[in-house]
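What follows is one structure encoded as C-alpha cells, with my remarks underneath.
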Amino acid sequence: MEETNAFSETVIQQLQQALLAWYRAHHRDLPWRREVSAYRTWVSEIMLQQTRVEAVIPYFERFLHVLPTLADLAVADDALLHKLWEGLGYYSRVRNMKKCAEVCVERYGGRLPSSYEELCRLPGIGPYTAGAIASIAGQERVAAVDGNVLRVFSRILANREDIVKEVTKKHYRQYVSAFLPEAADAGDFNQAIMELGAMVCSPNGAPSCAQCPVAAWCRAHAQGTEQEFPVRSAKKARRIEEHTVLVLVDQGRIALQQRPAKGLLAGLHGFAMSDERWERQQVEARYPHARNIVELHPHTHVFSHVEWHMNAFLVEERDPLASYHSLEEIEENMAIPTAFRPFYEAARTWIRMKGATDDTR
DNA sequence: TAAGCGTGGAC
DNA sequence: TGTCCAAGCTT
C-alpha cells in the first residue's frame, strides 16, 4: 500500500528486528504466555477483547482451572459459564465460546483449527482474534490488528484514516502484513506491537517515545505529532434511562429473575426493574401488604451506550410470582452483573442485620 | 454501515 | 467529575 512505500525493505527488516528484540527482552510475564496452546490463546484473546489485562488475569486462571480443555467447555452449563464470566462484561463472548467449542467438537475433533481462514468462520472469532490465534499458537504469517496496532501503526505511518471505520482496519491488516517477519516469528511480532501499544506507545497522555525501540522510524515522532494519532471519529452520546429497582426479600432469601435471552445483560440474573422512575408511594401501592419497604441508596451504572439511573427499594414480602433464592445458591450458581451488585450487597447487609435483631428479640 | 453490547482504570 | 477508551464481534 502507498503508506508503506516509503519504507524500504531494509528499514522494514530493521524495524522488525528492533521490535522483536525489545519484546523478547521486555514483555510482561502473563499467565497465557507461560504455556502456549490454541485453547489458552483463544480463551485469553476472547477475554482481552475490549478488556484490560489486569482485569482478565484472575478470570483466565479460574476459567482454565474449571475448564482445562475445549471439550470441557463444550459441555459446560450456561449457568457455570455466566458465573465464570460474572463481572467481566460483554457476556455474549462466553456464549459464543461455547458455540465455538461445540462446532470444534463436531467438526475438528475437539480442537481449534489452526488456520486464519477456518478460525474466522467460528462464532465469536473475528479478524483480530483469528489472526492472534493463528500467529501465536499456529505460527501462521498473518496480522492481528487490534486497537494497539492501529494506534502504533497510525503513529509510525502518520496515517490519518479514521480507525473507527471497518475499511481502515482492513487497510491496516495490509499495512501490517508488509512488516511481518517469517512465520515462526509472526506471533511474537504481533504481540510485540500490542505490548508496545500497552506499555510505551500509550493511548492516554503522552507516549514514552524515549523508551520506544522504533522511535527512529516513527513519522509521528519525527513530526512531534504523536498525540494527534490515531484519528478516531466521535462516538454518539449515551442515552439515559430512569429505572426503579425492586429488591424483594423473604426469610433471608432474595428474589432474582433471569433476564431475557436477547439484549443488555442477556441471560444473567437481576432484580425486577420498572421502565420509569417510581417513588415510594407507587411501590407502596404495588405492595400494600409488605412487611417492610426500605429505600436503598440510588445508583447510576454507565454502560458503553446507555446509562441506568436507578433508585431502589427493598421490599420484604412473599410475592408468589417471584422466585426467591438463598445467598448460598446465588453465590454458587447465579451470575449477577455489576450493574445490580450494589443493590444485591445492600440486600445481603439488610438480611444479616435483620437476622441479628431477630436473634436478640 | 452503524449500533448494540460491560466494565473499570487513568487522567 | 466527566471523559476517554481497552488484546472486537455480531447483526
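Below, chains carry the letters A, B, ... as their sequence lines are ordered, and counting in each starts from 1.
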Rounded distance in Å - NE2 (His82(A)) to P (dC5(B)): 14 Å
If you pin Lys235(A) and Glu166(A) to their nearest nucleotides in DNA chain C, which one's is more 5'? Lys235(A)
For a 4.5 angstrom cut-off between non-hydrogen side-chain atoms, does His82(A) reach Glu86(A)? no
With a non-hydrogen cut-off below 4.0 angstrom, is Ala144(A) in contact with a base, only sugar-phosphate, or nothing? nothing
Counting only side-chain heavy atoms from C-beta out, which of dG8(C), dG8(B), dC5(C) sits nearest to Asp146(A)? dG8(C)
Does Gly197(A) reach a base, just sugar-phosphate, or nothing at all? Heavy atoms under 4.0 Å. nothing
Would the distance check show the side chain of Glu226(A) and the main-chain N or O of Ala206(A) forming a donor-acceptor pair, the cut-off being under 3.5 Å? no
Would one find a side-chain N or O of His305(A) under 4.0 angstrom from OP1 or OP2 of dG4(B)? no
Leu265(A) CG to dG6(B) C1': how many Å, rounded? 7 Å
Of dC5(C), dC9(C), dG6(B), the nucleotide closest to the side chain of Gln50(A) is dG6(B)
For the pair made of CG in Asn190(A) and P in dG8(C), what is the distance, rounded to whole Å? 13 Å
Please determine if Glu228(A) and Arg160(A) form a salt bridge, counting it only when a charged side-chain N lies under 4.0 Å from a carboxylate O. yes
For the pair Ile57(A) and Glu54(A), evaluate side chain to side chain contact (heavy atoms under 4.5 Å, CB included) and give the outcome as yes or no after the intermediate values. CA-CA 6 Å; Ile57(A) 290 173; Glu54(A) 313 81 70; 5.6 Å; no
For the C1' atoms, the ones on dG8(C) and on dT1(B), what distance do you get once it is rounded to whole angstrom? 16 Å
What is the separation between atom CG on Leu150(A) and atom P on dG8(C), rounded to the nearest whole Å? 9 Å
Per Arg232(A) side chain, nearest of listed nucleotides dG4(B), dA6(C), dT7(B): dA6(C)
So what does Arg28(A) hit on the nucleic acid, given a heavy-atom distance under 4.0 Å: a base, only sugar-phosphate, or nothing? base
Result for 5'-nearest mapping on DNA chain B, choosing between Leu268(A) and Lys236(A), is Lys236(A)
Quick check on DNA chain B: between Lys262(A) and Glu54(A), whose nearest nucleotide comes earlier from the 5' end? Lys262(A)
Starting from P on dG4(B), measure out to CZ on Arg238(A) and report it in whole angstrom. 13 Å
Ser304(A) near the nucleic acid: base, sugar-phosphate alone, or nothing, with a heavy-atom cut-off under 4.0 Å? base
Can you tell me, in whole Å, how much space there is between the P of dC9(C) and that of dG8(B)? 22 Å
Just to confirm, is there a sub-4.0 Å distance from OP1 or OP2 of dT7(B) to any side-chain nitrogen or oxygen of Tyr91(A)? yes
Looking only at heavy atoms, what is the nearest atom pair of Ala255(A) and Tyr324(A), with distance? N-CD2, 3.7 Å
If I take atom CD in residue Glu307(A) and atom P in nucleotide dG6(B), what distance separates them, rounded to the nearest angstrom? 16 Å
Side chain of Tyr128(A) (C-beta onward), nearest among dG8(C), dA3(B), dC5(B): dG8(C)
What contact category does Ile163(A) fall into here, base, sugar-phosphate, or nothing, at under 4.0 angstrom with non-hydrogen atoms? nothing
Please classify the nucleic acid contact of Ser44(A) as base, sugar-phosphate, or nothing, using heavy-atom distances under 4.0 Å. nothing
Identify whether any heavy atom of Arg33(A) sits under 4.0 Å from a base atom; if not, whether one sits that close to sugar-phosphate; answer base, sugar-phosphate or nothing. base
Consider the side chain of Phe303(A), meaning its heavy atoms from C-beta on, and name the nucleotide among dG8(C), dC5(C), dT7(B) that approaches it most closely. dT7(B)
Looking for any heavy atom pair under 4.0 Å, which part of the strands does Val149(A) touch: base, sugar-phosphate only, or nothing? nothing
On the 0 to 90° scale, with breaks at 30° and 60°, tag the Phe340(A)-Trp308(A) ring pair as parallel, tilted or perpendicular. tilted
When you check the side-chain N and O atoms of Ser114(A) and Glu140(A), is any donor under 3.5 Å from an acceptor? no
Between dT7(B) and His301(A), is there an OP1 or OP2 to side-chain N/O distance shorter than 4.0 Å? yes
Could you tell me how far apart Leu84(A) (CG) and dG6(B) (C1') are, to the nearest whole angstrom? 17 Å
Which of the following nucleotides, dT10(C), dA6(C), dG6(B), is nearest to the side chain of Asn96(A)? dT10(C)
How is Gly205(A) classified with respect to the nucleic acid when contacts are heavy atoms under 4.0 Å: base, sugar-phosphate, or nothing? nothing
Sugar-phosphate, base or nothing in reach of Val306(A), heavy atoms under 4.0 Å: nothing
What nucleic acid atoms does Leu88(A) come within less than 4.0 Å of, heavy atoms only: base, sugar-phosphate, or nothing? base
dC5(C) phosphate, OP1 or OP2: any side-chain N/O from Arg151(A) under 4.0 angstrom? no
With heavy-atom distances below 4.5 Å as the criterion, would you say the side chains of Asp250(A) and Arg291(A) are in contact? yes
Atom CZ of Arg341(A) and atom C1' of dG6(B) are separated, to the nearest Å, by 14 Å
